[in-house]
Amino acid sequence: MSVISHITLGTNDYERASAFYDAVLQPLGLTRVPKPPGKPPLYAKDDQMPFLYIYKPIDGRPATWGNGTHVAFKAETREAVDEFYVEALANGGADEGAPGLRDHFGPNYYAAYVRDPDGNKLQAVCYGESDS
């Protein structure tokens, strides 16, 4: 059981954010949970917690990113990390670290880092050995 209920990331544009997250999270097994029109996007794996919400800030000010913070998504395979990265760059994201081993975190720590179109830093990480 996860101790995390949900994570909320800010956006200034629901349409742009939805297109980005629909593509980027698919290789990781997360999909958008159906909601009534006009509701903020919500993503989950098998409709289970933890959830990822994409919201415009409630105070009405522009969404901004946190310096030194990021959300790491667990990938089942290194190929899924690669796909996450490719989809991020193809859908308005920015490179923060191409897919590869990060030996300083562990011998099988394979990760990629990106920024979403609003500047939120995201990571996909696979802890398993090579897919081949």
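Each residue takes its place number in the sequence, starting with 1.
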Requested in this report: May I have the step-by-step check of side-chain contact (heavy atoms from CB on, under 4.5 Å) for Leu122 and Phe20, ending in yes or no?
Outcome: CA-CA 12 Å; Leu122 309 171; Phe20 177 84; 3.7 Å; yes

**Report entry** Pair Val125-Phe73, side-chain contact (heavy atoms from CB on, under 4.5 Å): steps then yes or no
**Finding:** CA-CA 6 Å; Val125 59; Phe73 297 99; over 6 Å; no

Requested in this report: For the pair Asp118 and Trp65, evaluate side-chain contact (heavy atoms from CB on, under 4.5 Å) and give the outcome as yes or no after the intermediate values.
Outcome: CA-CA 7 Å; Asp118 289 291; Trp65 49 271; over 6 Å; no

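Cluster membership for Leu25 and Ile7, using ILVMFWY side-chain heavy atoms within less than 4.5 angstrom, is shared. The hydrophobic cluster containing Leu89 also contains Val71, counting ILVMFWY residues as joined when their side-chain heavy atoms lie under 4.5 angstrom apart, directly or transitively. Note on Leu42 and Tyr14: same hydrophobic cluster, where clusters join Ile, Leu, Val, Met, Phe, Trp and Tyr whose side-chain heavy atoms are under 4.5 Å apart, directly or indirectly.
Ring pair His6/Tyr53 is perpendicular by interplanar angle, where above 60° counts as perpendicular and below 30° as parallel.
Ile58 belongs to no multi-residue hydrophobic cluster, having no ILVMFWY side-chain contact under 4.5 Å with any other such residue. Cluster partners of Val81, by chain and number: Leu101, Tyr110. The rule joins Ile, Leu, Val, Met, Phe, Trp and Tyr whenever side-chain heavy atoms lie under 4.5 Å apart.
For Tyr109, the ring pair (Phe, Tyr, Trp, His ring centres under 6.0 Å) criterion is met by Phe105, Tyr127, not counting sequence neighbours. Scored by the side-chain contact (heavy atoms from CB on, under 4.5 Å) test, Pro50 finds Ser2, Ile4 as partners (sequence neighbours excluded). Take Lys74 and apply the salt bridge (charged side-chain N to carboxylate O under 4.0 Å, His left out) test, not counting sequence neighbours, and it matches no residue. With sequence neighbours left out, Thr64 forms a side-chain contact (heavy atoms from CB on, under 4.5 Å) with no residue at all. Checked against side-chain contact (heavy atoms from CB on, under 4.5 Å), Val86 has no partners two or more places apart in sequence or in another chain. Under the rule for a side chain to side chain donor-acceptor pair (under 3.5 Å), Arg102 has no partner lying at least two apart in sequence or in another chain. The ring pair (Phe, Tyr, Trp, His ring centres under 6.0 Å) test applied to Tyr113 returns His70, not counting sequence neighbours.
A salt bridge (Lys or Arg N to Asp or Glu O under 4.0 Å) check over residues 53-64, counting only residues at least two apart or in different chains, returns the pairs Asp59-Arg61. Pairs passing the side chain to side chain donor-acceptor pair (under 3.5 Å) check and including a residue from residues 83-92, sequence neighbours excluded, read Tyr85-Asp95, Glu87-Asn91. Listed by first and then second residue, the side chain to side chain donor-acceptor pair (under 3.5 Å) pairs that reach into residues 17-41 are Tyr21-Asp116, Asp22-Arg32, Asp22-Tyr43, sequence neighbours excluded.
Side chains of Leu52 and Ile54 form a contact here, defined as non-hydrogen atoms less than 4.5 Å apart. Val114 places none of its side-chain heavy atoms less than 4.5 Å from the side chain of Glu96.
Nearest heavy-atom pair, Pro27 versus Val24, reported as atom, atom and distance to 0.1 Å: CD-O, 3.2 Å. Of all heavy-atom pairs between Gly10 and Ala63, the closest is C-CB, 3.6 Å. Nearest heavy atoms, Gln123 versus Ala111: NE2-CB, 3.4 Å. When all heavy atoms of Asp47 and Ala44 are compared, the pair lying nearest together is CA-CB, 3.8 Å. Taking every heavy atom of both residues into account, Arg78 and Asn108 meet most closely at NH2-OD1, 3.7 Å. Across all non-hydrogen atoms, the minimal contact from Ala112 to Phe84 is O-CE2, 4.0 Å.
Of the inter-residue distances, the one linking Thr77 atom OG1 with Asp82 atom CG reads 8.0 Å to the nearest 0.5 angstrom. Rounded to the nearest 0.5 angstrom, Lys121 NZ and Asn67 CG are separated by 9.0 Å.
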